[in-house]
Peer 1: 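Please read through the structure below; I'll follow up with questions.
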2 protein chains.
Amino acid sequence: MAASTPHARVETEPPISRSARKARTRQRLIDAALALIGQGRSYTSLSLREITREAGVVPGAFYRHFRDLDELGLALVEMGGVTLRRLLREARRDGIPPTDMLRGSVLVYKRFVEQRSLVFRFIAAERGGGSRILRNAIRTEDGHFASEMAQDLRVLGVMPDLSSSALRMICGLVVTTMLNAASDILDVPSGQTVQEREMVENFVRQLRVIFIGARHWRED
Amino acid sequence: MAASTPHARVETEPPISRSARKARTRQRLIDAALALIGQGRSYTSLSLREITREAGVVPGAFYRHFRDLDELGLALVEMGGVTLRRLLREARRDGIPPTDMLRGSVLVYKRFVEQRSLVFRFIAAERGGGSRILRNAIRTEDGHFASEMAQDLRVLGVMPDLSSSALRMICGLVVTTMLNAASDILDVPSGQTVQEREMVENFVRQLRVIFIGARHWRED
DNA sequence: AATTTGAGTGAACATATGTTCACCGAACTT
DNA sequence: AAGTTCGGTGAACATATGTTCACTCAAATT
């Protein structure tokens, strides 16, 4: 029975500011939700008490941070948006893989998804699923992602003959294909299995179809 | 306090066979789940009691038909598969719209989805969402749908230069695009709004990209 | 130094949940 | 006509849920 006063400060020696403390437990709630998703649960079926339990906090404390579960969900969506933006940023930084660019990009993306499996599991699941509010928030986020991608391609001078609206539309298609693939990536047994290779190959070929279609696109 | 014996037969005059009765309540449970989905709930968040309540049956009765909620979910997936097969069958029967075939097909599909909104809402939601079991079942069903579609296109002599595997891969892409669009169709306010027209237009253009890509596809 | 603030507590509330079980009675079998 | 089967009942169970509220006590403000 070691001493453990409510506000024990076991390892965080320096006094912690109030706003910092608040931000910390807020983050803990978010992480708790993700952790539960990681254990195979789907966000829609999580309960407030489960989350606070996982976060190591009393149920009532939840309300100091979010009005309800949808609001926590929105925070997760935002985190998803940040993640997608990071993907684009890294792509800009590293440039397009020199050889076999499509397969290269797919493998980079696959790694990216696997390293952030929880966020992608959440997005892939709630994109078509959860509450209407969440779905729309994710749609908006996906839309921004597609627009940014279109802008990047424009800057890179890829497919310069396409109108901006056509480019944007095509990026939308690429994004849905990517997010759909994320779900596949997360479900296929990782390791060099046959299934995994087939999945990657299929993904590559689908993107190739899209890009070929884009190259030959003519406005109405 | 009107008389209402447990097994009241208020309007179903002719005696009902046991198997028929069982099939009937089984169907009621399925319909109840769909009805709740129709009220904006997502399948993953439904409870056994909610469903039996909606079905007008005592909770324990559930177990006479399904081991657990996943098993009911699988029944819904199967119903979804049947629905998709019917879509193909109707497409075969009615043939391809004579003029502006792509937009025509999209409008037919839109109508089809709207008329069966509950099943499509379920599939679109649980495809990336629900339990692993459900996700895989839906993946399998989608796969069959894509294969059948490929076979139909082959028989129709559409894109005869494509190998079967390429055709199959492209149909897979079409299917994910369709199911993704189903979610959009169900969320956009129906009626002749601007949003609705834009959504349809985007969907048409995306399919067009895919088909252009298919026409110019060359094997590796 | 005295006061105010507010994140987190702990207990209580009414209500909901999944699962079990002995039981009923109509449909089936003999 | 007598006996069996089995879909559905109703009650009970232990446990889980969302929300509220007065409370604490350290950090922030005065």
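Basis for what follows: all heavy atoms, side chains included, without hydrogens, waters or symmetry-related copies. Order of the sequence lines sets the chain letters (A, B, ...), proteins ahead of strands, with each chain counted from 1.
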Peer 1: Rounded off to whole Å, could you give me the CZ-to-C1' distance for the B:Phe62 and C:dT19 pair?
Peer 2: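 So the CZ-C1' distance, B:Phe62 to C:dT19, works out to 12 Å.
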Peer 1: Calculate the interatomic distance between B:Arg18 atom CZ and C:dA27 atom C1'; express it in whole Å.
Peer 2: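 In whole Å, C:dA27 C1' lies 5 Å from B:Arg18 CZ.
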Peer 1: Output the rounded distance in Å from CD (B:Gln27) to C1' (D:dG7).
Peer 2: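 Rounded to whole Å, this separation is 17 Å.
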Peer 1: Who pairs with B:Phe211 by ring-ring contact (aromatic ring centres under 6.0 Å, His included), at least two apart in sequence or on another chain?
Peer 2: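 With neighbours one apart ignored, the set is empty.
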Peer 1: Would you say that more than 12 heavy atoms from the other residues, nucleotides or ligands in this model lie under 6.0 Å from the CZ of A:Arg93, or not?
Peer 2: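 For A:Arg93, atom CZ is crowded (more than 12 foreign heavy atoms under 6.0 Å).
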Peer 1: By nearest heavy atom, map B:Gly60 and A:Arg64 onto DNA chain C; which one lands nearer the 5' end?
Peer 2: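 On the 5' side of the pair lies A:Arg64.
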Peer 1: Separation of A:His65 atom NE2 from C:dG6 atom C1', in whole Å?
Peer 2: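 Distance, rounded to whole Å: 11 Å.
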Peer 1: Roughly, in whole Å, what's the span from CZ in A:Arg26 to C1' in C:dG8?
Peer 2: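 Distance check: A:Arg26 CZ to C:dG8 C1' gives 17 Å.
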Peer 1: Is the charged tip of A:Arg41 near the ring of A:Tyr43: under 6.0 Å from the six-membered ring centre and within 45° of its axis?
Peer 2: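 A:Arg41 over A:Tyr43 ring: no.
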Peer 1: Just call it for B:Val58: base, sugar-phosphate, or nothing, with non-hydrogen atoms closer than 4.0 Å on any strand.
Peer 2: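 Touches a base.
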Peer 1: Think A:Thr25 has a side-chain N or O under 4.0 angstrom from the OP1 or OP2 of C:dA7?
Peer 2: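 A:Thr25 to C:dA7 OP1/OP2: no side-chain N or O under 4.0 Å.
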Peer 1: In this structure, how many angstroms lie between the C1' atom of D:dG8 and the CZ atom of B:Arg28, rounded?
Peer 2: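 In whole Å, D:dG8 C1' and B:Arg28 CZ are 12 Å from each other.
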Peer 1: List, with names and distances, any nitrogen or oxygen atoms from the protein found under 3.5 Å away from nitrogen or oxygen atoms belonging to nucleotides 16-18 of chain D.
Peer 2:
{"from": "D:dT17", "atom 1": "OP1", "to": "A:Ser47", "atom 2": "OG", "distance (Å)": "2.7"}
{"from": "D:dT17", "atom 1": "OP2", "to": "A:Arg53", "atom 2": "NH2", "distance (Å)": "2.4"}
{"from": "D:dG18", "atom 1": "OP1", "to": "A:Leu48", "atom 2": "N", "distance (Å)": "2.6"}
{"from": "D:dG18", "atom 1": "OP2", "to": "A:Leu48", "atom 2": "N", "distance (Å)": "3.4"}
{"from": "D:dG18", "atom 1": "OP2", "to": "A:Arg49", "atom 2": "N", "distance (Å)": "2.9"}
{"from": "D:dG18", "atom 1": "N7", "to": "A:Arg49", "atom 2": "NH1", "distance (Å)": "2.4"}
{"from": "D:dG18", "atom 1": "O6", "to": "A:Arg49", "atom 2": "NH1", "distance (Å)": "2.9"}

Peer 1: Would A:Asp70 and A:Ser131 count as having a side-chain donor-acceptor pair, cut-off 3.5 Å?
Peer 2: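 Yes.
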Peer 1: Do you see a donor-acceptor pair shorter than 3.5 Å between the side chains of A:Ser147 and A:Arg168?
Peer 2: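 There is such a pair between these side chains.
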Peer 1: Within a radius of less than 6.0 Å around CD of B:Glu71, do more than 12 heavy atoms belonging to other residues, nucleotides or ligands occur?
Peer 2: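 Enclosed.
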Peer 1: Among the nucleotides D:dT5, C:dG8, D:dG8, which one has an atom lying closest to any side-chain atom of B:Arg21?
Peer 2: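 The answer is D:dG8, which lies nearest to the side chain.
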Peer 1: Against the six-membered ring of A:Tyr109, is A:Arg111 placed for a cation-pi contact (under 6.0 Å from the centre, within 45° of the normal)?
Peer 2: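 Pair A:Arg111/A:Tyr109 does not count as cation-pi.
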Peer 1: Rounded off to whole Å, could you give me the CD1-to-P distance for the A:Ile16 and D:dA27 pair?
Peer 2: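 Interatomic distance, CD1 of A:Ile16 to P of D:dA27: 9 Å.
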